Colleague: 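Here it is, the structure, as structure tokens.
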Amino acid sequence: MPGKMKFLHTAVSNIAFALKTSFLASKKYFALKCIVLIGSTAVPLLTMWFWKHILNSLSFGNAGAIGLMVAAYFFLELMVRVVGKINAYIEKRYEEAIDFYFDRVMIEKTSRIDLAYFDSAQMADKISRARDNFWALEETSWTVFQILSEAINVIITFVVVCTINVWIGVATVLLLIPSAFSYKKYIDCITRDYEYALRNDMRKVEYLRDLFLDEQIHFEMKLHQNGFYFLDMFAALKNKILKVGTKFDLEQISRRAAISLLNYGGDAAMLIYSIVGVNAGNFGIGDLQYSVSIVARLREQFSALIIDVNRFLGHNTRLNDLREFIELKPESEKSGTKLPSPNPKIEFRGVWFRYPNTKDYVLKNCSFTIEPNQKMALIGMNGSGKSTIIKLMFRFYDPEQGCITLDGTDIREYDIYALRKVFGVLFQEVVQYSLPLREIIALSDFEQRFDTERLDRACDISGVSPLIQGWESGYDTVLGRKYTGDGKDLSGGQWQLLGLARAYFKKCDYMVLDEPSAALDPVSEDRIFEQLYQLGKNKTVVMISHRFSNTTNADKILVIGDGHIVEQGSHSELLSKNGEYARLFLIQSKRYI
């Protein structure tokens, strides 16, 4: 019993959730849909009532008021079609409004969600399910309207049938109940035995289908001539899904066919009752036709109600996932109000950190200071925690123990968005946007994207200017060919130069560069670091690089190992210590001798 009550409470909550979402998507179309709902319920019933009286008038030879009734009948028939057209228009516009609302909610929620959620396999799966099942919320919105319409129709038609013969009304509903349980079992079987059993196979099919649309994977397929391997795997999985689906459908159809015969029991009873009434002279032909039609409508509306209620209940799990995702509150977004200085002193004090749902600490009692206007380099083996330090500085995560301070104040007391505006950033993996060049460069300070002088300066410093020389559309040239046929394609190194231009475009006193030259040729790399040290005289620069030639001019070098700072000092100081830095430097320098 507690389980059923919980299920009922969830179902009611989901109905409220769907109605609220539909209302927020478009208040105007929500109201229009409700008005049409009432009209589409009342008009067909009135049409049937007038048709009954027209037939009775003809059969009893009472043609006095038949002209008026025929006019009313045709008017109502016209109204049925008009309401249908209006409803189709409203549904199309409303569907567009709901699609837009859902997409906006999904994009906004995903854009604000903590990175920690993506590091959790369980949470990543929840996000994936939310995205995969977002269609269920749209379908549920329509289903709720249909349920309301069908429930009103069932109540009204049941009352009408009972005024003709109460026993036939009760019997019709009772004979429909087995099909309700049958359909509920059918939906449960789809969810449990079909969808869930083949869920992994279906996801793999989607993955394999997407492979053939990926340009980079296509390159490797053609190079290694292994496309047939993926195609055979796709065909085998698809055939398995189709085979299981066919078997499932045949089993369900044979079982439901027997149950559906009961549905017509009420129709048969009313037909017999009406024929007897006509023979006895108690009924006219119009009464017979009306009685049979109204029972058929009760059956149809009740069956539709059963289907839609079960469809709605079948979405309960999906809706729960969606509600949980939409109601997520980003933890790191709970920022303070303090505004940081443009070039703060940053200090890590005994910081311990591990990524969500992992056992091993990436940083262990890590302490160091970055002074304003200092040029600092972070070096260490892969996985030592260099990039993690940057993520903690930006408050993508918070330490588990210890604290990070800006000018002596805990970083959590600062407004998180103001904090992130302090930094000009270039990551190793540069995102390749399909946008006009000016927008790609100005993403770091988007409101200034039409400042040509700033664009020119950023391109000159970064080395982008020679690349775009002669482009007919200049800064309005679209990069990539995702949505335009004449977009420009760039190499990995050229994209990295654009990323550097974006970092320079932002007017800030604090530069953070994570492997900024990984894809660059030696000449471009040397020029960039020479300019970086020259232009950054009054800036703080924090860089991560595996190439020691780029770090020799840094004011301070932090050597990270086993989650903490094992050495720190200038290049010459660390070489004289003959420690870990000296060992790594000699290993790398031997390659150039």
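Source: prediction; values computed, not measured.
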Colleague: Inspect the surroundings of NZ in Lys20 and state if more than 12 heavy atoms from other residues, nucleotides or ligands are less than 6.0 Å away.
Modeller: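 Not more than 12 within 6.0 Å, no.
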Colleague: To the nearest 0.5 angstrom, please state how far the CG atom of Leu435 sits from the OG1 atom of Thr477.
Modeller: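 Output value for this atom pair is 13.0 Å.
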Colleague: Establish, from distance only, whether the side-chain atoms of Asp415 and Thr337 form a donor-acceptor pair under 3.5 Å.
Modeller: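 The answer is no; no qualifying pair exists.
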Colleague: Between atom CD1 of Ile468 and atom CG of Leu498, what is the distance when rounded to the nearest 0.5 Å?
Modeller: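 Separation between the atoms: 8.5 Å.
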Colleague: Got a donor-acceptor contact below 3.5 angstrom from the Glu580 side chain to the Val559 backbone?
Modeller: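 Checking the backbone N and O of Val559 against the side chain of Glu580, no donor-acceptor pair under 3.5 Å is found.
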Colleague: Would a 4.5 Å heavy-atom cut-off, applied to side chains only, mark Val422 and Leu406 as touching?
Modeller: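 Heavy-atom side-chain distance check fails, nothing below 4.5 Å.
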Colleague: Check Glu400 with Arg354, please: is the shortest side-chain N to carboxylate O separation under 4.0 Å?
Modeller: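 A salt bridge is present here (some side-chain N lies under 4.0 Å from a carboxylate O).
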Colleague: Does a side-chain heavy-atom distance below 4.5 Å link Leu339 with Tyr414?
Modeller: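 Answer no - side chains too far apart.
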Colleague: Salt bridge or not between Arg438 and Asp476? Use side-chain N to carboxylate O under 4.0 Å.
Modeller: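 Answer for the salt bridge query: yes.
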Colleague: For residues Thr540 and Ile370, determine if any side-chain heavy atom of one lies less than 4.5 Å from a side-chain heavy atom of the other.
Modeller: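 Counting from C-beta outward, Thr540 and Ile370 do come under 4.5 Å.
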Colleague: Output the distance between atom SG (Cys459) and atom CD (Gln469), rounded to the nearest 0.5 Å.
Modeller: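 Answer rounded to 0.5 Å: 11.5 Å.
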Colleague: Is there a donor-acceptor pair under 3.5 Å between the side chain of Lys539 and the backbone N or O of Asn373?
Modeller: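 Not at all, since once roles are kept as given, no pair shorter than 3.5 Å links the two residues.
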Colleague: Between Asp410 and Ile404, is there a side-chain heavy-atom distance shorter than 4.5 Å?
Modeller: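 Ile404 vs Asp410: side chains apart.
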Colleague: Taking C-beta and beyond as the side chain, do Tyr433 and Leu479 meet within less than 4.5 Å on heavy atoms?
Modeller: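 SC-SC contact between Tyr433 and Leu479 ruled out.
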Colleague: Do Ser576 and Asn578 make a side-chain contact, defined as non-hydrogen atoms from C-beta onward lying under 4.5 Å apart?
Modeller: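 SC-SC contact between Ser576 and Asn578 ruled out.
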Colleague: Ring centres under 6.0 Å, that's the criterion: do Phe423 and Phe394 meet it?
Modeller: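 Here the rings of Phe394 and Phe423 have centres that are less than 6.0 Å from each other.
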Colleague: Taking the side chain as every heavy atom from C-beta outward, state whether Ile389 and Ile560 have any atom pair closer than 4.5 Å.
Modeller: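 Yes; the side chains approach each other to less than 4.5 Å.
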Colleague: Tell me whether Lys488 contacts the main-chain N or O of Leu437 through its side chain, where contact means a donor paired with an acceptor under 3.5 Å.
Modeller: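 No.
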Colleague: Mind checking salt bridge (charged side-chain N to carboxylate O under 4.0 Å, His left out) for Arg454 and listing every partner two or more places apart, or none if nothing turns up?
Modeller: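 Arg454: salt bridge (charged side-chain N to carboxylate O under 4.0 Å, His left out) contacts with Asp445.
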Colleague: Keeping the roles fixed (side chain from Asp509, backbone from Asn343), state whether a donor-acceptor pair exists under 3.5 Å.
Modeller: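 No; zero donor-acceptor contacts below 3.5 Å.
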Colleague: Does a sphere of radius 6.0 Å around CG in Asp360 hold more than 12 heavy atoms from other residues, nucleotides or ligands, not counting ones at 6.0 Å or beyond?
Modeller: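 Incorrect, the count does not exceed 12.
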Colleague: Is a side-chain donor or acceptor of Gln401 paired with a backbone partner of Phe353 at a separation under 3.5 angstrom?
Modeller: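 Not at all, since once roles are kept as given, no pair shorter than 3.5 Å links the two residues.
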Colleague: Taking the six-membered ring for Trp and the full ring for Phe, Tyr or His, determine whether the centres of Tyr397 and Tyr355 are under 6.0 Å apart.
Modeller: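 That pair passes the under 6.0 Å test.
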Colleague: My understanding is that only one of Leu497, Leu443, Val425, Val464 makes a side-chain contact (heavy atoms from CB on, under 4.5 Å) with Arg502; could you say which?
Modeller: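 So the option named by the test is Leu443.
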Colleague: Can you find a pair of side-chain heavy atoms, one from Ser570 and one from Asp555, that are under 4.5 Å apart?
Modeller: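 Contact flag for Ser570/Asp555 side chains = no.
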Colleague: Return yes if some donor-acceptor pair links the side-chain N/O of Ser462 with the main-chain N/O of Leu500 below 3.5 Å, else return no.
Modeller: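 No, because the side chain of Ser462 does not come within donor-acceptor range (under 3.5 Å) of the backbone of Leu500.
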Colleague: If you take all heavy atoms of Met381 and Ser384, which pair is closest and at what distance?
Modeller: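 The answer is O-OG, 2.8 Å.
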Colleague: What do you reckon, is CE of Met233 surrounded by more than 12 foreign heavy atoms closer than 6.0 Å?
Modeller: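 Yes, enclosed.
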Colleague: Starting from the C-alpha separation in whole Å, work towards a yes-or-no answer on side-chain hydrogen bond (donor to acceptor under 3.5 Å, both in side chains) for Asp562 and Tyr361.
Modeller: CA-CA 9 Å; Asp562 195 29; Tyr361 283 94; over 6 Å; no
Colleague: Measure across Gly579 and Glu567 and return the closest heavy-atom pair with its distance rounded to 0.1 Å.
Modeller: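 Between these two residues, the closest heavy atoms are CA-OE2, 3.1 Å.
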Colleague: Whether Arg412 and Asp398 form a salt bridge (side-chain N of Lys/Arg under 4.0 Å from carboxylate O of Asp/Glu) is what I want to check.
Modeller: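 No salt bridge links Asp398 with Arg412.
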